[in-house]
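Structure first, commentary second.
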Amino acid sequence: MKDTISALLEEALASLKQQGLVPDDVSPSFKVDPTKDKAHGDYASNLALMLAKPAGKKPRDVAEALVQALPATDAVSKVEIAGPGFLNFFAATDAVAQIVPTILNTGDTFGRSMRGTGEKVQVEFVSANPTGPLHVGHGRGAAIGDCLCRLLEATGYDVTREFYYNDAGAQISNLALSVQARAKGLTPEDPSWPADGYRGDYIVDVANSYLAGETIHADDQHVTGAADADDLEAIRRFAVAYLRREQDLDLKAFGVEFDVYFLESSLYRDGKVEQAVQRLIDNGHTYEQDGALWLRTTDFGDDKDRVMRKTDGGYTYFLPDVAYHLDKWQRGFKQVINEQGADHHSTVTRVRAGLQALEADIPQGWPDYVLHQMVLVTRSGEEVKLSKRAGSYVTLRDLIDEVGRDATRYFLAARRADSQLTFDIDLARSQSNDNPVYYVQYAHARLCSVMRKAETDGMPFDRELGFANLAQLEADQEKALMNRLARFPEVVEHAALNREPQQVAQYLQDLAADFHTCYNAVKVMVEDDALRNARLALGLATRQVIRNGLDLLGVSAPEEM
RNA sequence: GCGCCUAUAGCUCAACCGGAUAGAGCAACGGCCUUCUAAGCCGUAGGUUGCAGGUUCGAGUCCUGCUGGGCGCGCCA
């Protein structure tokens, strides 16, 4: 419908140009938007307002000329000029209702497009260090990242989900020392406990498993505990494998799976870190100072230069990051999105600066970043800070176990990444109308119930009869619902291109509200065969779109509640 | 001190490339179940979009300055 109106306006615009009312070189990016107020029709355009200045006329006069020039069509029943010069389009009921067969004929693919034309996109997200269980912040990253991937896939991109494991840095040495200390029976209270050691109870589990000689299956590798508390290297390998497996299990329980697990250690093993260093030195962007090797990132917008090789010969985390991103580029990803916590935002400038310094024809501003703000968890109005297992933070596993996968995913993905999120456990658990997840799922279950009723009453949906009588869907609530359904594809595209999964959640709540309103206003199971089947068709279409939308969020669509 | 994010109804949040009278839910108040799931619906009330300027036909949205909140400013990641 929106496209139809845009096309009509394009023709009218061409006609005005021909008449000499508008200069030929004007091609405004005008909008055709759904109206907020029914009095303004179904769609409104600002084209006349955009043309007023170049045409040297009053907006309303331009609007008048546009209306005159609009080609005839039976999709639109009425066009009005309103306000400062908006064109209000009233869609013909028949035309609006055509969305119903469109949805039912395309089914699961309704809302999908080939906008991305199969282009490769990589989304890196979660990327937690294998030093402990995933926390709520990782959960937010997982929910946002995975929904983004689903949106991009629905928009026609070839998506790779990637998880980067920092398995080579100082944090890992720290982990090994902590597990070793536990294996030797030390506790964090002991004076010889390693400085900055990990204190959570899970370290005890790792140590016990190691001492018991258990075998860990993580990814493609199997690591068996050497049971030797003095073999720090064996402890390190075992602990990393153990925690990676644990994180994988949590992510699986959350419905998130990755295509590629990229290990930081592989960058060292394959010489990619060395190559990156050499390239930066060769390009003349480095200098030695205080016994360290620095990269002049200030040449590329950073506020201070950064150390890349420490006085002890080791590299700072930032250098493998640069090497890693060069590798992404060389793998052919013209589009890369990094989803991370905003507490790491300082790496954005740094990594981009490092990539520019490589002089590898990587565009400025590559890669994209989606940064999410902190998550605060509350219960009974109080902040929850501790979990026994992890110590100082709430784990993703805690949330999934307590409130369920659907509610956890929905809550973590339904807010703009930019704003801080308060995760209210009581609200997420509540099976009541103040819980948005249930509100949407209930709409789906209710529709399933209607369909079941149609079957059991011996009046199953007759597709041909339904499609033939869609013009009978004349109630305001039905028109509003159909207009909402028609918007789904643009919502998907918009959410994908702007990297804003929360728009899908917002849309679903609006759609569910439109449906519930309709449900209360209009009875589906009426005697009149024609009318009943038209309404069943609308119901099925609504159910399909709710299902498609929930699927983009990775949330289930229950048939009964 | 500097950088990034943020401020919208009592609360939690929306608002598509700048569009018409800023929208939902919760909480409050009043209604709707002998009829397809009341986990629902209808209605009432609730706003100087943090403050002050600017840009223009038009600003919650863009620009500048302030104020409050979060995060960051390591040879940690």
Side-chain angles (χ1 to χ4, degrees), chain A residues 29-31 33-37 39-40 44-46 49 52-53 58-59 82-86 88 127-129 131 166 169-172 174 196 264 290-294 303-304 306-312 314-318 320-321 341-349 371-374 376 414-422 424 427 430-436 438-439 441-443 445-454 457 487 490-491 493-495 497-498 500 502-503 505-507 509-510 512-513 515-526 532 535 539 560-561:
Chain A
S29 55
F30 65 92
K31 302 196 335 187
D33 288 330
T35 54
K36 292 172 189 162
D37 187 339
H40 298 148
S45 176
N46 64 343
L49 296 168
K53 191 170 278 183
K58 292 179 195 161
F86 287 101
N88 291 338
S127 293
N129 289 342
T131 54
N166 292 98
Q171 316 255 13
I172 298 301
N174 205 359
D196 303 320
E264 181 186 10
D290 305 328
L293 183 65
W294 296 68
D303 52 3
K304 60 174 95 158
R306 305 292 167 177
V307 169
M308 30 192 277
R309 191 169 59 216
K310 300 183 275 188
T311 45
D312 69 3
Y315 294 107
T316 57
Y317 72 92
F318 137 78
D321 265 10
D343 53 338
H344 287 188
H345 76 252
S346 58
T347 63
V348 176
T349 318
L371 303 177
H372 65 259
Q373 298 290 328
M374 302 294 97
L376 176 74
R415 297 271 174 274
R416 287 174 55 219
D418 271 344
S419 54
Q420 293 163 51
L421 168 61
T422 300
D424 182 337
L427 179 61
S430 80
Q431 305 212 341
S432 71
N433 47 356
D434 41 338
N435 187 335
Y438 285 96
Y439 185 76
Q441 289 184 322
Y442 178 51
R446 235 181 178 183
L447 279 160
C448 290
S449 172
V450 174
M451 299 310 152
R452 280 194 300 269
K453 173 129 180 94
D457 286 2
R487 292 189 60 186
E490 37 169 313
V491 169
E493 180 172 312
H494 194 265
L497 299 182
N498 288 288
E500 294 190 350
Q502 90 278 358
Q503 294 190 358
Q506 185 68 33
Y507 171 82
Q509 273 166 254
D510 291 340
F515 161 69
H516 286 308
T517 295
C518 209
Y519 180 90
N520 279 274
V522 177
K523 190 170 160 72
V524 176
M525 294 306 292
V526 292
R532 184 182 67 250
R535 287 180 177 165
E560 48 190 29
M561 305 194 64

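Computed from heavy atoms alone, side chains included, the values below leave out hydrogens, waters and symmetry copies. Naming: A, B, ... by sequence-line order, numbering from 1 per chain.
Under the rule for a ring pair (Phe, Tyr, Trp, His ring centres under 6.0 Å), A:Phe30 has no partner lying at least two apart in sequence or in another chain. Partners of A:Phe318 according to the ring pair (Phe, Tyr, Trp, His ring centres under 6.0 Å) rule, which considers only residues two or more places apart in sequence or in another chain, do not exist here. Among residues two or more places apart in sequence or in another chain, the ring pair (Phe, Tyr, Trp, His ring centres under 6.0 Å) test is passed with A:His516 by A:Tyr439, A:Tyr442. By the ring pair (Phe, Tyr, Trp, His ring centres under 6.0 Å) test, A:Phe515 is found to be paired with A:Tyr519, residues two or more places apart in sequence or in another chain being considered.
If you measure from atom CG of A:Leu447 to atom C1' of B:A39, you get 14 Å, rounded to the nearest angstrom. Straight-line distance from the CD atom of A:Glu560 to the P atom of B:A39: 14 Å, rounded to whole Å. Atoms CZ (A:Arg535) and C1' (B:U35) sit 14 Å apart, rounded to a whole Å. Here B:A24 presents its C1' atom at 13 Å from NE2 of A:His516, a figure rounded to the nearest Å. Look at CD on A:Gln506: it is 16 Å from P on B:U12, rounded to the nearest Å. Atom CZ in A:Arg487 sits about 10 Å away from atom C1' in B:A15, given to the nearest Å. Summarising the geometry, the separation between CG on A:Leu421 and C1' on B:U6 is reported as 14 Å, rounded to the nearest angstrom. As a whole-Å value, the separation of A:Gln503 CD from B:C17 C1' is 13 Å.
Distances shorter than 4.0 Å separate some side-chain N or O of A:Lys31 from OP1 or OP2 on B:G19. For A:Tyr439, a side-chain nitrogen or oxygen approaches OP1 or OP2 of B:C41 to under 4.0 Å. Neither OP1 nor OP2 of B:A14 sits under 4.0 Å from any side-chain N or O of A:Arg415. A:Ser419 has no side-chain polar atom (N or O) that falls below the 4.0 Å cut-off from OP1 or OP2 of B:A7. For A:Asn88, no side-chain nitrogen or oxygen approaches OP1 or OP2 of B:A20 to under 4.0 Å. Between A:Arg416 and B:C5, a side-chain N or O to OP1/OP2 separation shorter than 4.0 Å is absent.
Rounded to the nearest Å, the gap between the C1' atom of B:G47 and that of B:C32 is 30 Å. Taking atom C1' on both B:C62 and B:U49, the two are 16 Å apart, rounded to the nearest angstrom. Using P as the reference atom, B:U34 and B:G46 are 33 Å apart when rounded to the nearest Å. For the P atoms, the distance from B:A45 to B:G23 is 14 Å, rounded to whole Å. Nucleotides B:C63 and B:U55 are separated by 15 Å at their P atoms, to the nearest Å. When the C1' atom is compared between B:C42 and B:A24, the two are found 16 Å apart, to the nearest whole Å. Taking atom C1' in both B:U56 and B:G74, the straight-line distance is 47 Å, to the nearest Å. Comparing B:G18 with B:C73, their C1' atoms are spaced 35 Å from each other, to the whole Å.
A:Glu500 and A:Gln503 share a side-chain donor-acceptor pair at under 3.5 Å.
Of the candidate nucleotides B:C36, B:C16, B:A14, B:C16 has the atom lying nearest to any side-chain atom of A:Asp33. Residue A:Ala445 places its side chain closer to B:U37 than to any other of B:C17, B:A14, B:U37. Side-chain proximity of A:His494 to the nucleotides B:C17, B:A15, B:A38 is greatest for B:C17.
Nucleotide B:C17 is shown with a syn base, its glycosidic torsion being within 90° of 0. B:C66: glycosidic angle beyond 90° from 0, hence anti.
A:Asn166 places no side-chain N or O within 3.5 Å of a backbone atom of A:Asn129 that could act as its donor or acceptor partner. Side-chain atoms of A:Thr311 never come within 3.5 Å of backbone atoms of A:Gly291 as a donor-acceptor pair (strictly under, hydrogens ignored). A:Asp424 contributes a side-chain N or O that, together with a main-chain N or O of A:Leu427, makes up a donor-acceptor pair within less than 3.5 Å.
Among the protein residues, A:Val526 comes within range of no part of the nucleic acid, since none of its heavy atoms lies under 4.0 Å from any strand. Among the atoms of the strands shown, base atoms are found under 4.0 Å from some heavy atom of A:Ala82. When heavy atoms are screened at a 4.0 angstrom cut-off, A:Gln502 is found touching the sugar-phosphate backbone but no base atom. Residue-level contact check: A:Ala495 touches neither bases nor backbone, having no heavy atom under 4.0 Å from any strand. Using a 4.0 Å heavy-atom distance criterion, A:Ala44 is classed as a base contact. Among the atoms of the strands shown, base atoms are found under 4.0 Å from some heavy atom of A:Ser449. Heavy atoms of A:Lys523 sit under 4.0 angstrom from at least one base atom.
In this structure, A:Arg535 and A:Val522 have side chains that are in contact, with non-hydrogen atoms separated by less than 4.5 Å.
Map A:Phe30 and A:Asp418 each onto its nearest nucleotide of RNA chain B; the residue landing nearer the 5' end is A:Asp418. Residue order along RNA chain B, read from the 5' end via each residue's closest nucleotide, puts A:Leu49 first among A:Arg446 and A:Leu49.
Across every non-hydrogen atom of A:Thr131 and A:Gln171, the tightest pair is CG2-O, 3.8 Å.
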Nucleotide-level pairing of RNA chain B, given in dot-bracket where Watson-Crick and G-U pairs need both distances under 3.5 Å and | marks other strands: (((((((..((((.....[...)))).(((((.......))))).....(((((..]....))))))))))))....

Summary of protein contacts for nucleotides 70-77 of chain B, nucleotide by nucleotide, where a base hit scores B, a sugar-phosphate-only hit scores S (4.0 Å, heavy atoms): SBSSSBBB

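Electrostatic pairing of A:Arg309 and A:Asp312 does not count as a salt bridge here, judged by no charged N lying under 4.0 Å from a carboxylate O.
Remark: A:Lys31 NZ to A:Asn46 CG distance equals 6.5 Å, nearest 0.5 Å. Distance check: A:Leu376 CG to A:Thr422 OG1 gives 5.0 Å after rounding to the nearest 0.5 Å.
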